[in-house]
Number of protein chains: 2
Amino acid sequence: MKTVKISEAVVRRLPIYLRFLNELSKKNVYTVSSQDLGVKLDLNPAQIRKDLAYFGEFGKKGIGYDVDYLIEKIRQILKIDKVIPVALVGAGNLGRALCNYNAYLKDNMKIVAVFDELESKVGESINNLKVKPMRELKTTIQELNVRIGIITVPATEAQNVANQFVEGGVEAILNFAPIIIKVPNEIRVHHADFTAELQSLAYYLD
Amino acid sequence: MKTVKISEAVVRRLPIYLRFLNELSKKNVYTVSSQDLGVKLDLNPAQIRKDLAYFGEFGKKGIGYDVDYLIEKIRQILKIDKVIPVALVGAGNLGRALCNYNAYLKDNMKIVAVFDELESKVGESINNLKVKPMRELKTTIQELNVRIGIITVPATEAQNVANQFVEGGVEAILNFAPIIIKVPNEIRVHHADFTAELQSLAYYLD
DNA sequence: TAGATTGTTAATCGATTAACAATC
DNA sequence: TAGATTGTTAATCGATTAACAATC
């Protein structure tokens, strides 16, 4: 039932479940228990059952979960059962890496437009997409129905790009720039911050 | 006092504080309150004070925190007050992006070696580093005292690379491959998983 | 039927926030 | 002195885990 608010922690685990289930499906494994999943994903089985139970009764007592059925369900929950058009700003090294990294294509996230501020980058081809100038951002993402924006520009530009995404009607943003960007409440922002990730790792060194 | 166990959530916020403090310092701001920090970083001021108080009394009542002093302290806490040698495996797009992205250099994380399995990649130069073959991994990281390993290879190779890192004596791993890797308990692993990040964003679309 | 495993409640654990005395 | 802000305790809130009846 969607009446209970689903916590962010739960939502973040769903893609992890999905990925592993996809692997199982490829190996023609038809059924999986929360126990199995827990061992493989380093998670408590009770937590996995509880996470899934927020969205429905997907398992069978005494049996476990049907792999393909659960895949279908999680994809529906995550709303990636249809293609989601994504745009990316910043055709630098990281931007190019993300464009070429089409692993998410099979999960219906499709980068349909790439933009860069630099005239020298405009017109370049990345993975069959021509880099467009920033001035075309708003009209292009509206035309292409872009729903998620990815930011891979330097920190100094990130807020500006975010503003343009919001103006263009994007509903969510994945920000790789090392800065906290501010957007209206109804826009969802995730920060992919590997400098922070790396630094927090250092804490655990002896 | 280090007797209390510091939670992961706290450690993950420290780099965020640090980054913003660095910005303030560059702007010649000498003092900052938990209030100020909270507004800028979208965090509760009490939480910030509590986070910092785990490690000492860094502030002055009625005044706030001395920016440069707090920077120094957080860098000590994160153990990035001296250079930490890092190695990276996987000279693909993402790997190259991370190598060139030397923003973490100023925070003492230094990529000192890059490896790739493909003979065709070996010998290439990335940001003044020659890509080395995998067979040299163990000896090289031991010679260079590498303490953190970054994995940017395909999922199928990730566990294998992780094992080699562990054998070579690395203490922590940042894994970009979309798979949960298993390592001995004493090794710290963080997963930088932007496919998962992107997919969980989709959940929040209307 | 016996064994396995779910869905769910209750218990536990941990993290965040509010409040305020101490003090600059 | 008055105002501001810390460090810290206590209260609240939320997330994880254990336990078990239901049932395949």
Side-chain angles (χ1 to χ4, degrees), chain A residues 1-17 20-21 24 29-74 77 180 200 203, chain B residues 1-17 20-21 24 29-74 77 180 200 203:
Chain A
M1 267 172 288
K2 203 57 172 296
T3 44
V4 182
K5 210 204 165 293
I6 308 299
S7 91
E8 202 177 308
V10 173
V11 175
R12 276 178 191 277
R13 281 189 293 268
L14 295 177
I16 311 296
Y17 300 155
F20 184 64
L21 290 165
L24 289 181
V29 177
Y30 298 118
T31 291
V32 69
S33 69
S34 59
Q35 183 61 229
D36 298 342
L37 284 169
V39 170
K40 286 295 185 180
L41 303 176
D42 268 338
L43 294 169
N44 183 301
Q47 182 172 62
I48 296 173
R49 293 200 299 280
K50 200 160 198 277
D51 283 354
L52 297 173
Y54 282 117
F55 304 98
E57 304 197 358
F58 302 143
K60 284 210 185 5
K61 294 189 167 82
I63 310 281
Y65 300 90
D66 181 287
V67 171
D68 287 324
Y69 179 69
L70 192 51
I71 287 174
E72 195 192 317
K73 282 300 171 187
I74 294 182
I77 294 164
I180 310 291
S200 64
Y203 174 82
Chain B
M1 266 171 288
K2 203 59 173 294
T3 44
V4 182
K5 208 204 168 292
I6 308 297
S7 89
E8 202 180 306
V10 173
V11 175
R12 277 177 191 279
R13 281 190 293 268
L14 295 177
I16 310 296
Y17 301 155
F20 185 64
L21 290 165
L24 289 179
V29 176
Y30 298 117
T31 292
V32 70
S33 68
S34 59
Q35 183 60 229
D36 299 344
L37 285 168
V39 170
K40 286 296 186 180
L41 302 176
D42 268 339
L43 294 170
N44 183 300
Q47 182 172 63
I48 296 173
R49 293 200 298 280
K50 199 160 200 277
D51 283 354
L52 297 173
Y54 281 117
F55 304 99
E57 303 197 358
F58 302 143
K60 285 214 184 0
K61 295 191 168 83
I63 310 281
Y65 299 90
D66 181 286
V67 171
D68 287 325
Y69 179 68
L70 192 52
I71 287 174
E72 196 192 319
K73 282 301 170 184
I74 294 182
I77 295 163
I180 309 292
S200 64
Y203 173 81

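Values reported hereafter were calculated over all heavy atoms of this structure, with side chains retained and with hydrogens, waters and symmetry mates removed. Naming: A, B, ... by sequence-line order, numbering from 1 per chain.
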For the atom pair CD1 (B/I71) and CG (B/L24), what is the distance rounded to the nearest 0.5 Å? 7.5 Å
Is A/Y65 close enough to C/dA4 that one of its side-chain N or O atoms is under 4.0 Å from OP1 or OP2 there? no
Got a second to check how far A/I180's CD1 is from B/L41's CG, nearest 0.5 Å? 6.0 Å
What integer distance in Å separates A/R13:CZ from D/dT17:P? 9 Å
Closest of D/dT16, D/dA18, C/dC24 to the A/N44 side chain is D/dA18
Round to a whole Å and report the spacing from CD of B/E8 to P of D/dA15. 16 Å
Per B/S33 side chain, nearest of listed nucleotides D/dC24, D/dT9, D/dT5: D/dT5
Report the stems of DNA chain D as range-with-range entries sorted by first number; a stem here is at least three consecutive pairs, Watson-Crick or G-U wobble, both distances under 3.5 Å, and write none if there are none. C:3-24 with D:3-24
Rounding to an integer number of Å, can you tell me how far B/Y54 OH sits from C/dG14 P? 12 Å
Gap between atoms OH and P, on B/Y17 and D/dT6 respectively (whole Å): 12 Å
Expressed in angstrom and rounded to an integer, what is the separation of A/I48 atom CD1 from D/dT17 atom C1'? 12 Å
Counting only side-chain heavy atoms from C-beta out, which of D/dT23, D/dG7, C/dT17 sits nearest to A/K61? D/dT23
Report the residue (B/V32 or A/L43) whose heavy-atom-nearest nucleotide on DNA chain D is the more 5′ of the two. B/V32
Starting from P on D/dT17, measure out to CD on A/Q35 and report it in whole angstrom. 13 Å
For A/R49 and A/S34, work out which heavy atoms get closest and say how close. NH1-OG, 3.0 Å
If the cut-off is 4.0 Å, is B/S34 near the phosphate of D/dT6, judged by side-chain N/O to OP1 or OP2? yes
Specify the closest pair of heavy atoms between B/I77 and A/Y203, including all atoms of both residues, with the distance to one decimal. O-CD1, 3.4 Å
CG on A/D66 to NZ on A/K73, rounded to 0.5 Å: 11.5 Å
Is the shortest side-chain heavy-atom distance between B/L52 and B/Y65 below 4.5 Å? yes
Please state how far atom CD in A/Q47 lies from atom P in C/dT8, giving the value in whole angstrom units. 17 Å
Rounded off to whole Å, could you give me the CZ-to-P distance for the B/F58 and C/dC24 pair? 17 Å
Minimum-distance nucleotide (side-chain atoms of B/R49 versus D/dT6, C/dT17, C/dG7): D/dT6
So which heavy atom on B/D51 is nearest to which on B/R13, and how close? OD2-NE, 2.6 Å
Contact class for A/E57 (heavy atom, under 4.0 Å): base, sugar-phosphate, or nothing? sugar-phosphate
When you check the phosphate oxygens OP1 and OP2 of D/dG14, does a side-chain N or O of A/S7 lie under 4.0 Å from one of them? no
